[in-house]
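The block underneath contains the structure these notes are about, expressed in structure tokens.
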Amino acid sequence: MIQLSHVSKFFEKGKNAVDDISLTVNDGEIMVLLGTSGCGKTTTLRLINRLLDASSGTVEVNGENVRRIPATTLRKSIGYVLQNNGLFPHYTVEENICTVPQLLNWPKEKTIARCHTLMHKLKLPPEQYAHSYPHQLSGGQQQRVGLARALAADPPVLLMDEPFGALDPLTRDAVRQEFKSLDELHTKTVVLVTHDIEEAFQLGDRICLMNAGRIQQTGRPAELLFRPANDFVRNFFDRQRTQLELSTLKLRDIWDTIPSSHNGENYVEITGDASCWEALSLLTSSHVIATHNGTAKVITGSAVMNGLQTYKTR
Amino acid sequence: MEPSTSFFDFIQQEPAKLLQQTLTHTGLTFISVLIAIAIGLPLGILITRRRRLSGLVLGIAGVLQTIPSIALLGFMIPLLGIGVKPAIVALFLYALLPIIRNTYTGIRGVDPAVTEAATGMGMSDRQLLLKVQLPLAMPVILAGIRTATVINVGVATLAAYIAAGGLGEFIFGGIALNNTGMILAGAIPAALLAILFDWLISLLQKRMTRQSRMRLYLLPLILIVLSSFYLLPMGNNARLKAGFTPEFMGRRDGNLGLRTVYGIHINPLVISDMIMYKAAYEKTIDVISGSSTDGRGKAFDLVVLQDDKHIFPPYYAAPIATNTILEKYPELEPTLNLLAGTINDSIMTALNYQVDYLKYSPEKVAREFLMQKGLYQPARNGSKGTIRIGCKIFGDGYILANMYKMLIEGHTDLAVSTKLGLGGTKICFDALNNNQLDVYPEYTGTGLLAILQTPANITDTLIADKDKVYTYVSREFEQQYGIKWLKPVGFNNTYALMMRRQQTMDLQIKSISDLARYLKK
């Protein structure tokens, strides 16, 4: 668990980068810090592994004040992924991934075994890539090495600073999907910084929206979308609102507003866990039938849109 | 007319000496580079950690770099004397800037994302430096070491001026002796050394892989081995230490004569005329190859050893001038001859003493002497033509050239431009012969041996008689070059072995033969 209580960070030029922030990240949760450039999200992230020290307030990781732990010890227990991957160009892929286990003086066999396990999981076959240098890899592969390096010593906490920001849209989506399905992450407490709204909604268990050094709202994606705390939060999502709403809302959320009917043939079958957006996407090429709690219903465009409308006015 | 031996002849004659000087040169270069790395690398790292110091440190190193190398060597002499120590210190100071600056630039040039990742992984400052910053900055640091090495190979040639040895000995000796082959025997190996070291370090500089990291660990070892070359050839175990000028080293009436006629094998240091006398006074060396009328001999109380077997020919000074200029301005010759016979050995020594030791300007000394002799007339500022006067870089030359300038300006309507302090016989004579000078004072002995390179059998018949030498060089210069020897000034500035007065009394050495006997004991 990570807990920030009334944390502020002043820089010499006088402006507060971070102003009286309180935030709790629960074990096993992915918390996304979202906001525009200069809103203080990266500063907040760096306060956690003490790349910066807070001017006031306390930061605790797993119940311990980070100021009481030597910075190097603290950092070795926290995985860190950077936007431009920050791989060591003079180290091979294997040497890069083994950095932290080596700093922790793990036995050599254990280190190599762990490294190869991670490489398999991240679709980087060791026999092919272990002795390559970073410049020989594609951008997506480099980012996966960066992720493997952060996970190598199996730290309970993972900090990610715009981890997919430097990738082209197609690669970004692929690496994101892989990241999401990685079993390693299910037990980790993750703080991820991004300015990409879609990414925040796709990956975040909860989102913390920041502006001008302050937290505007923290909550599950649906909460930010349907129960915004202030005008800033409301306006922030306006340009992509409909798509976000449809992606966030599951069919089961609007199940009772969909009329019951199940006749016909050649249907694509989905479950109530699918999002409204997925249902609409399928509808552009075929008929769709969804099952939820043992009942099946035919999904139509108007049924989904009506459901959304009803949900919002509830 | 080229009388000097060719480059290939020369290296065939002196292979052992060439090897020794090359090794000395290599050693000098790498000892200083090694010390510069040992100090510059940590200093460069320090200023990446304490940014405020960076301006100061780089500024000081930069200023050191701008001091002309020969001046820097000169500054070292009062602090450290002559020989190895000041040469290494001067070379070290030159190597410092490229190494500090490239260490600093190299480390600062490491991608900030990489250093942030390293810090974020939990590396300590030391681990960050050793595992990340230094390996990544290494190509830039090596480029600095490469620059420093190449600079030092060049500057180390000047070390011969202060008796530190190296390939400069051939270069300066060759210039002094009018021997192109000898100059090239110093210059070509020095250039080859620079190219070789540059290439070797460039091999290390390639992208840092595991193998090249291994190679890099060998670098300090290689540097130490190369540095130790300096110590190899230093077999100077004679009972007395000698310091001879580069010119004296290669002359038949110099070190060669001492060896063959007197049987003295003393393995001398090669040292510049400018610091030799003081070094003898300070007991750094015991025997020097002075010139008999040098004022510093008197100033430092050195005595001339008697040349009892006559290896030093007479060196009577006289102006030499091209026939062209003498015919063009007939008034020139009688004016230059006004000085004939006026300055004997003791007067010249006294004049030199005023310049060398009392630090009067040669101009002032020249004017006072002419006034005393009633020869001085104020300059007429004539515009009939310009006479170009030169002289070599030592006392007699400056004083005589100034006297001739005043005489010409006062007694004729000619103007004078001077090119004083030229590096040696070869430079002066080539300038005169190529119509870049009109007049300069020369010595009969130098004309006989260094310029005409007269064979030994002829020299032997002339050497005991000053008039025969004068007649011979006059005739040969007229025939070979169209250059005229005017009347001698009067003094005989011959080579002389000199020692401290007290030491000659302690050891009972009066002549060169006594010295030879003492050394053989």
Side-chain angles (χ1 to χ4, degrees), chain A residues 42 45-46 48-52 69-92 94-105 131-136 142-143 145-147 149-153 155 157-163 165-166, chain B residues 41 44-45 48-52 102-103 105-145 201-219:
Chain A
T42 296
L45 189 77
R46 294 161 137 245
I48 299 170
N49 67 356
R50 291 192 60 193
L51 285 175
L52 294 171
I69 313 171
T72 52
T73 310
L74 174 76
R75 290 175 193 146
K76 278 180 257 188
S77 68
I78 298 178
Y80 188 42
V81 184
L82 293 88
Q83 172 169 13
N84 293 312
N85 70 60
L87 294 180
F88 304 132
H90 58 308
Y91 280 9
T92 60
E94 186 176 277
E95 288 169 318
N96 262 291
I97 296 174
C98 296
T99 306
V100 181
Q102 260 174 4
L103 292 177
L104 291 168
N105 291 321
H131 300 294
S132 306
Y133 283 88
H135 69 98
Q136 296 166 319
Q142 289 179 10
Q143 203 54 38
V145 175
L147 185 59
R149 185 174 64 173
L151 293 170
V157 175
L158 189 63
L159 305 182
M160 309 181 84
D161 189 0
E162 308 249 6
Chain B
L41 194 69
I45 293 167
T48 61
R49 302 295 193 265
R50 307 254 183 286
R51 286 287 163 76
R52 265 181 233 158
N102 282 41
T103 305
T105 322
I107 290 178
R108 292 213 54 193
V110 174
D111 183 356
V114 172
T115 48
E116 196 193 310
T119 315
M121 304 278 105
M123 285 192 190
S124 63
D125 194 49
R126 192 185 141 86
Q127 288 166 330
L128 172 69
L129 180 70
L130 294 178
K131 287 173 183 276
V132 178
Q133 290 180 317
L134 281 183
L136 288 176
M138 200 45 75
V140 183
I141 296 174
L142 283 172
I145 294 174
I201 302 176
S202 78
L203 291 184
L204 283 174
Q205 225 181 324
K206 301 244 170 74
R207 197 179 171 78
M208 291 288 118
T209 59
R210 195 187 299 270
Q211 283 167 329
S212 63
R213 263 184 260 162
M214 288 302 294
R215 263 185 272 153
L216 198 64
Y217 298 135
L218 290 175
L219 184 66

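Order of the sequence lines fixes the chain letters, A, B, ..., with proteins taken first and strands second; residue numbering starts at 1 for each chain.
Between the CZ atom of B:Arg126 and the OG1 atom of A:Thr72 there is a distance of 13.5 Å, given to the nearest 0.5 Å.
Taking every heavy atom of both residues into account, B:Met121 and A:Phe88 meet most closely at CG-CZ, 4.5 Å. Shown here for B:Thr119 and A:Leu51, the closest heavy-atom pair between the two residues is CG2-CD2, 3.8 Å. Shortest non-hydrogen contact noted between B:Ala113 and A:Leu82 is O-CD2, 3.8 Å. Of all non-hydrogen atoms in B:Ala117 and A:Gly86, the two that sit nearest each other are CB-O, 3.3 Å. Across every non-hydrogen atom of A:Lys76 and B:Gly122, the tightest pair is CE-O, 3.6 Å.
Applying the salt bridge (charged side-chain N to carboxylate O under 4.0 Å, His left out) criterion to B:Glu116, with sequence neighbours excluded, gives A:Arg46.
The most heavy-atom pairs under 4.5 Å with chain B, out of A:Leu159, A:Asn84, A:Leu103, A:Leu104, come from A:Leu103.
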